[in-house]
Amino acid sequence: MSSYHGKVDSLGLSFFGSMTASISHELKNALAIINENAGLLGDLVVLSEKGRPLDPERMKTISENIRRRVQSADDIVRRLNRFAHSANQPVVSAGIRDIFACMVALSERLATMKGVSLALAPFDEIEVQTLPFVIENLLWICLKNIFLLAGAEQRVVLGACREAGDIVVTLHCTPEIPVEQLASTVAAEGQPLIFFLRMQIQADPDGSSLRLRMPIKFIE
Amino acid sequence: MRVLLVDDEEELVATLAERLDMRDIDAAWATDYRTALAMIKEREFDIALLDVRMPEMNGLELKRLIEAQRPDMKFIFLTGHGSEEDFKACSAESGKEYYLIKPVQIEVLIAKLNEICQGQGERG
């Protein structure tokens with residue numbers, strides 16, 4: 001069991017690195033835009049000192065752009081903080097929808113780069129007793145492998161439902177991708193996490209969804 | 001000097017282009033590779049400033065396509081990556097490019113543009 005813990009930790013570290021690198025990239029972009037807008041304000045002031053009249057509406061627009069980007073950067077930092085805390089959480093009661101929402105927000109930039117759109121299916125929140133970070137890690141392994149198989153205008157919808165004492169998570173892909181291949185790849189790469197979560201992974205017979213089934217209560 | 005800016009963040013390239021114009025640098029911008037390639041066909045540019053990470057096609061791939069049409073054009077890569085080491089490796093692999101890390105101060109960018117246009121200075 002201890003070697004599994006080691007593998008889970010190792011996968012977790014790699015996942016944490018991928019996510020924080022992506023988040024830092026998002027922050028850099030936000031800072032770059034704030035930097036240009038602030039620079040433009042300064043440029044316009046310098047021009048006004050040389051006699052070109054300042055346009056108050058323009059100044060308002062630029063200030064609003066800065067405010068909006070600061071808000072966006074703050075949202076990114078908030079996500080980073082929530083994600084960082086999930087890495088050191090013990091088994092907790094967590095909403096699966098919240099976990100999905102976190103993963104969609106974290107993965108969105110990387111999905112966009114691959115031409116993939118992510119969405120949540122409408123479903124009622126389901127509370128699970130689990131380690132959110134391990135689920136996030138496994139979802140990331142699923143998503144990054146979907147990105148590799150994705151065709152043009154790929155859409156992935158994350159959903160969940162209760163089945164007996166379990167929760168079944170689905171990643172529905174349109175257009176269809178080879179989900180059997182996806183299931184095998186995820187099963188191999190995420191094997192320690194799948195074992196840790198007592199999860200079963202399978203391709204849906206309809207050929208468009210990956211199904212992850214696990215107990216609602218984490219079994220130590 | 002005629003500069004083409006390509007980055008998927010429209011607010012970034014549009015603002016940067018305006019600031020370069022204020023400094024008598026003829027700057028045009030595009031937010032995707034298709035528009036950039038169409039602009040290259042229609043107009044002459046001395047330098048392209050390319051974001052490394054863009055949807056559909058990254059800056060390195062776009063550079064190769066531009067170069068096929070305009071072998072004399074020069075390039076600067078703009079990256080949001082915090083890891084300078086990574087980008088130096090990427091830069092070294094692709095040869096003669098220059099790079100800047102976001103956010104970049106306009107004075108630094110203009111110095112780099114001048115340096116490249118005058119064929120001076122060290123790489124990177």
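It should be emphasised that the depicted structure is a prediction, and the values quoted were computed from it without experimental measurement. Reckoned from all heavy atoms, side chains included, excluding hydrogens, waters and symmetry mates. Lettering follows sequence order; numbering is per chain, from 1.
- Residue R2(B) is tested with D21(B), D46(B), D26(B), D24(B) for a salt bridge (charged side-chain N to carboxylate O under 4.0 Å, His left out); the sole match is D46(B).
- Electrostatic pairing of R82(A) and D98(A) does not count as a salt bridge here, judged by no charged N lying under 4.0 Å from a carboxylate O.
- In terms of heavy-atom pairs under 4.5 angstrom with chain B, the leader among R69(A), E26(A), R109(A) is R69(A).
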- Message: For a salt bridge (charged side-chain N to carboxylate O under 4.0 Å, His left out) check, start with the C-alpha distance between E64(A) and K60(A), then their side-chain angles and the critical distance, and finish with the verdict.
- Response: CA-CA 6 Å; E64(A) 175 56 24; K60(A) 270 191 221 167; over 6 Å; no
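- When the candidates L31(A), L27(A), D43(A) are compared by the number of heavy-atom contacts under 4.5 Å with chain B, D43(A) comes out ahead.
- Taking chain B as the reference chain and counting heavy-atom pairs below 4.5 Å, the highest number among G39(A), A21(A), A30(A) is found for G39(A).
- Of the atoms belonging to E18(B), it is side-chain heavy atoms, and not backbone ones, that fall under 4.5 Å from chain A.
- For the residue pair R68(A)/N65(A), the side-chain donor-acceptor check at 3.5 Å is satisfied.
- With a 4.5 Å cut-off on non-hydrogen atoms, L47(A) touches chain B through its side chain but not through its backbone.
- Using the six-membered ring where Trp is involved, F147(A) and W140(A) have ring planes that are perpendicular, over 60° apart on the 30 and 60° scheme.
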